[in-house]
Amino acid sequence: MVAPAVPEITEEILHESIDSRTESLSSLRELGPPDLVHLLKQPLRNPGKQIGVYHHVTGVDASSSASLAAYINTLTYKEFGQSATTKTVEGTYCCYNAFSRVDMRVHAPFPGSVESYCIDERGEKRKATEELWLETYLCSVLRAYSYADDGTGETIRKIMGVRRFNPVTNTETEHRFLSAAEQLFFRGWQLGSDSVVQVPNNVSNHLTTGLLKYFSTTGRYASGINLFEKLRTQNPEVASLLAKVLFMGNEEVEGVRVLHEALKQSPMDYVMLDTQAEFLLKKAETAALAEQKEERLRMALGCADRSTIAAPSEFGTWARLAQVYVAMEDWENALTILNSCPMFTYQDKDAPIMPEPKDVSLPTLPETRLDEIDSEPESRYSEQVDPSLLNLRASAYRGTFKQAYGILTEMTAKIGWDQLLKIRSNVFVMEDEYRSEKQDTSQPNAKRNASTDGLRGTPDPATNGNASDGSEDEDDDEREDEKDEEPSLGTNGKGKEIERPSSAVPPEDVKKDAENGEEDHFSRLNNKRLCERWLDSLFMVLYEDLRVYTIWRTQMAQYRAQSMQYKKSAEEWEILGSLAERLQHVDEAVEAYRACLSLRFSPKALSGILKVFEKTKNTRDAVAATIRLVTWQYRWYSEFSPELLHTIRQLIEDEGAVKVRSIIQATNLPQNVLDLTHHYAALCATFRSSGTDG
């Protein structure tokens, strides 16, 4: 299989990229940035001059200094022959070890002997040991999965010039990976965790996330079951991970039995309880009878409720409980629980911080040339985009805020915006009613009696986290600004009006009034809760999304009624597709994505449509979309995307390898392009995935 092209970023000052990486070591918080490869080159016609070039890479075997030196050697092959203009004098490979928080480095001069060492957070040089290499290898594999693109191209665009390789290409490398994971498993919490987990533990950290993603991607469930069975003998907590892999492999009875036995030993293990609740919630969605669904949701409610007691400071447990209430159509409790979710500031992946380069070379391999894809970079930067589409804040949500927003949009999709606002005003103290009550009770003739005075209590604010959404500090200013700009929906004032949400009373206002001795006057509001500022902000963001969506759909209908073409740029169609997808309007999202693709290639739009093809079992279109996405990924130096590998594995599982290979081959595209997708299919055969035997 041909390797992706090698991007080259030229330094202004020699070695400045390595110096910059060294300086940033003390600020790394997660798995670390992609590996850095630095080459010192000499022009053949000017031997006295030296040029420093570098690129980033993931998925290279980092189990020893020899394997990293071998990668550096592969970069020098193309320098031989008639067309060579430079020769490499030396190469340096930097690979971060997140366990010991050191940067492993291999220095390879040409000619000369390889030197390996590590640099700690203080910039001091230390000896590289076998133990450090084992940790580095495991971090390298986890980074390859963590920094892989999901097919949409968003990860590829974040960091320029990253080559992405598959770290586990056969059963032999899998054995090495799982052996390293087993040895270091109970130190996994040191790597940190996803931003939705507040406190990393043995079963919720970057190592377990990477392992589960690997088993899900490759379908190697038997290997996962063997690994977690061995680890469970050392710690019963691992039962939750074993059950998850059993559920993935459709061994549900065994998975339920494992959780049942483990919960007898640890009845308040929140990860096990959450795993049970998630399983029951999925089974309720597929229940044949209403009675079955009700019973499964009732059991899921019990598990989810207990998990919030076991881990009250974790977002995931509260979010699961809110999802159960949404499935039960208990909207008031769903909003109340959502309001109780502890929210955390999103911690993005560690990214390299590099100085401004002197020059950037992003070459294209002939094997990845495809006209519709190659035209994409030039056209996308010249497009006009409506400012109202660029300012949709929901598109920037990550972590806990993204998940909470997803629950809110699911409720809106099921009951409608107007009904959601009514339920909100039933559950939370709204600003206008609070002011009104405050005004009424401040009158000297306000009616009071002993019975209501005796029954008064204080509003019960829900427990919440301290982290805040980036936009919350500006809420007061936003409210003032938004009052001035009432939306004009649709052309000529036509179209259904989206009701603007009134603000919930800020908790700090109530606290201030309570300090002034005023809080006992608001008897009518004592059965309501205070809405957290972040949730109030989420309602405003959802309103913005719905407003823009409604304008778009209204205008589309009007243009169609007049048999006129509705024109938007490709970038605008992509944003509208993403908006519709966020609001769970699948058909409208596909319509927008198709309109985008009719103007230019967009990996995000094609990925959005591919999801629908997979759900509707539209094999031919799914294969055609996957071929183009694989080629685009390869064009930008990525030979490995877990999501695309998973897609091809699922297609092979459903249709059989022979049929899928035949469909790939029958596609009217150049053979070199088809070979890139055949490579993914060959991986499935290597791993003996279901369906590869025919």
Side-chain angles (χ1 to χ4, degrees), residues 212 215-216 219 221 224-225 239-263 271-308 316-317 319-335 337-338 403 406-416 419-420 423 581 583-590 610-619 621-622 646-647 649-656 689-691:
L212 290 174
F215 298 131
S216 167
Y221 306 128
I225 292 164
S240 59
L241 298 173
L242 175 58
K244 283 177 182 177
V245 179
L246 286 165
F247 291 150
M248 282 180 200
N250 290 325
E251 295 186 40
E252 294 178 346
V253 175
E254 183 62 18
V256 170
R257 189 191 64 75
V258 164
L259 283 177
H260 176 68
E261 292 297 325
L263 278 165
V271 182
M272 287 188 219
L273 289 166
D274 184 62
T275 305
Q276 269 194 336
E278 182 185 20
F279 173 72
L280 288 164
L281 196 53
K282 283 180 181 171
K283 297 305 284 183
E285 288 169 4
T286 57
L289 302 171
E291 293 80 13
Q292 280 183 339
K293 181 178 181 180
E294 194 177 323
E295 186 189 0
R296 289 169 186 176
L297 286 174
R298 187 174 46 76
M299 289 192 289
L301 180 63
C303 295
D305 196 36
R306 275 177 64 194
S307 70
T308 60
T317 57
R320 184 82 63 210
L321 184 55
Q323 287 169 344
V324 173
Y325 277 124
V326 169
M328 296 174 83
E329 299 185 0
D330 185 346
W331 313 115
E332 291 197 2
N333 271 325
L335 263 190
I337 294 301
L338 188 60
Q403 288 195 24
I407 294 170
L408 210 54
T409 55
E410 186 181 350
M411 292 175 70
T412 311
K414 286 183 174 177
I415 60 174
Q419 186 64 20
L420 183 65
I423 292 164
E581 196 175 350
L583 295 175
Q584 307 192 14
H585 297 301
V586 178
D587 293 343
E588 289 79 3
V590 170
L610 177 58
K611 288 177 199 167
V612 178
F613 289 155
E614 288 181 89
K615 277 184 187 172
T616 57
K617 306 290 183 187
N618 186 341
T619 307
D621 286 340
H646 181 264
T647 296
R649 185 177 71 76
Q650 283 295 120
L651 289 169
I652 288 173
E653 200 172 289
D654 294 342
E655 303 289 343
S689 300
S690 174

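- Nearest approach of Ser240 to Val271, heavy atoms of both residues: OG-CG1, 3.5 Å.
- Put simply, CD on Glu410 and CD on Gln584 are 5.5 Å apart, with the number rounded to the nearest 0.5 Å.
- Between Tyr325 and Leu301, some side-chain heavy-atom pair lies under the 4.5 Å cut-off.
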Go through the steps for Val326 and Trp331 under the test side chain to side chain contact (heavy atoms under 4.5 Å, CB included), then give the verdict.
-> CA-CA 6 Å; Val326 169; Trp331 313 115; 3.9 Å; yes

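- Contact of the Ile225 side chain with the Glu254 side chain is not registered, since no non-hydrogen atoms from C-beta on lie closer than 4.5 Å.
- The shortest heavy-atom contact between Ala413 and Leu583 is CB-O, 4.2 Å.
- Interatomic distance, Leu242 CG to Met272 CE, rounded to the nearest 0.5 Å: 10.5 Å.
- Residue Gln323 holds its CD atom at 8.5 Å from CD of Glu278, rounded to the nearest 0.5 Å.
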Go through Ile415 and Ile423 one step at a time and tell me if the side chain to side chain contact (heavy atoms under 4.5 Å, CB included) criterion holds.
-> CA-CA 10 Å; Ile415 60 174; Ile423 292 164; 3.6 Å; yes

Do Arg257 and Val253 pass the side chain to side chain contact (heavy atoms under 4.5 Å, CB included) test, and can you show the C-alpha distance, the side-chain angles, and the key distance before you say yes or no?
-> CA-CA 6 Å; Arg257 189 191 64 75; Val253 175; 5.7 Å; no

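- The minimum heavy-atom distance between Asp274 and Gly316, with the atom names listed, is OD1-O, 4.0 Å.
- Taking every heavy atom of both residues into account, Leu259 and Ala239 meet most closely at CD2-O, 4.4 Å.
- At most 12 heavy atoms of other shown residues, nucleotides or ligands fall within 6.0 angstrom of atom CD in Glu294.
- For the atom pair CE of Met248 and CD of Glu251, the computed distance is 12.5 Å after rounding to the nearest 0.5 Å.
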Under the side chain to side chain contact (heavy atoms under 4.5 Å, CB included) criterion, do Leu335 and Met411 qualify, and how do the steps go?
-> CA-CA 9 Å; Leu335 263 190; Met411 292 175 70; 4.0 Å; yes

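- Here the closest non-hydrogen pair linking Cys303 and Leu280 is SG-CD1, 4.0 Å.
- The nearest pair of heavy atoms linking Leu281 to Ala327 is CD1-CB, 3.8 Å.
- Under a cut-off of 6.0 angstrom, the local environment of NZ in Lys414 is crowded, with over 12 non-hydrogen atoms contributed by other residues, nucleotides or ligands.
- The distance from atom CG of Leu610 to atom CG of Asn618, rounded to the nearest 0.5 Å, is 10.0 Å.
- Here the side chain of Arg649 pairs a donor or acceptor atom with the backbone of Ser216 at under 3.5 angstrom.
- Glu252 is listed as a side-chain neighbour of Phe279, based on a closest heavy-atom distance under 4.5 Å.
- With rounding to the nearest 0.5 Å, the separation of CD in Glu295 from CG in Leu297 is 10.5 Å.
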